[in-house]
Amino acid sequence: MPITIPRQPDLVLVAWTRNPLVPGSKRTITDSRVSGSSRPCTCLLKPNLLLRPAANCLKLNDFRVISSDKTTAVSGLALLQR
């Protein structure tokens with residue numbers, strides 16, 4: 001049996017914000033960084049797109065939320081790993 005190097009995990013870091021002037025507004029992506037691959041969800045991780053469809057796509061493709069925190073009352077970060 002050959003010895004193989006374990007595959008490094010795929011990581012996606014997403015920064016998001018919501019409109020402070022609209023109560024209950026949806027979270028939009030302000031920036032994202034990928035280490036490895038975010039396929040097939042790459043096209044959903046663009047600035048000004050909604051966070052929810054991107055997060056749902058990532059979760060459906062075996063990513064799990066490692067950390068999710070608010071940085072201010074209207075912005076935050078989410079880290080996902082596959």
Side-chain angles (χ1 to χ4, degrees):
M1 180 180 342
I3 298 174
T4 59
I5 298 172
R7 184 169 182 242
Q8 293 296 314
D10 296 318
L11 298 171
V12 177
L13 178 65
V14 181
W16 59 267
T17 190
R18 67 174 76 221
N19 186 341
L21 301 177
V22 180
S25 64
K26 298 185 182 208
R27 294 174 288 179
T28 56
I29 297 171
T30 56
D31 200 6
S32 64
R33 293 289 183 262
V34 177
S35 175
S37 173
S38 61
R39 275 186 269 137
C41 307
T42 306
C43 62
L44 298 173
L45 294 169
K46 307 277 187 230
N48 300 317
L49 294 181
L50 293 177
L51 176 62
R52 177 149 306 190
N56 287 342
C57 179
L58 291 166
K59 288 177 186 177
L60 285 172
N61 288 281
D62 300 325
F63 278 86
R64 59 188 173 92
V65 177
I66 300 300
S67 178
S68 180
D69 289 312
K70 283 187 170 186
T71 53
T72 68
V74 294
S75 63
L77 298 169
L79 177 64
L80 296 96
Q81 177 184 352
R82 171 170 53 189

Taking a hydrophobic cluster as the set of Ile, Leu, Val, Met, Phe, Trp and Tyr residues connected by side-chain heavy atoms closer than 4.5 Å, whether directly or through intermediates, do Ile66 and Val14 fall within one such cluster?
-> no
Looking only at non-hydrogen atoms, find the nearest pair between Asn61 and Cys41 and report the distance.
-> ND2-SG, 3.7 Å
Compare all side-chain heavy atoms of Asp69 with those of Leu77 and state whether any distance is below 4.5 angstrom.
-> no
Under 3.5 Å: donor-acceptor pair, side chain of Arg82, backbone of Ser37 | yes
Between Pro20 and Val74, which heavy-atom pair has the shortest distance, and what is it?
-> CB-CG1, 3.8 Å
Connected via hydrophobic side-chain network under 4.5 Å: Val65 and Leu58 = yes
Specify the closest pair of heavy atoms between Pro9 and Gln81, including all atoms of both residues, with the distance to one decimal.
-> CB-NE2, 3.3 Å
Is it the case that one hydrophobic cluster holds both Phe63 and Val34, taking links as side-chain heavy atoms less than 4.5 Å apart, direct or via other members?
-> yes
Quick one: does Ser75's side chain get under 4.5 Å of Thr30's, heavy atoms only?
-> no
So do Thr28 and Asn48 actually touch side chain to side chain, heavy atoms under 4.5 Å?
-> no
Before giving the answer on side chain to side chain contact (heavy atoms under 4.5 Å, CB included), spell out for Gln8 and Ser35 the whole-Å C-alpha distance, their side-chain angles and the decisive distance to 0.1 Å.
-> CA-CA 9 Å; Gln8 293 296 314; Ser35 175; over 6 Å; no
Looking at Arg18 and Lys26, what are the two nearest heavy atoms and their distance?
-> CB-O, 3.7 Å
Do the side chains of Leu51 and Leu44 join up, straight or via other hydrophobic residues, at under 4.5 Å, putting them in one cluster?
-> no
Tell me, please, which residues at least two apart from Thr42 pass side-chain hydrogen bond (donor to acceptor under 3.5 Å, both in side chains).
-> Ser38
Distance from Leu80 atom CG to Leu13 atom CG, nearest 0.5 Å?
-> 9.0 Å
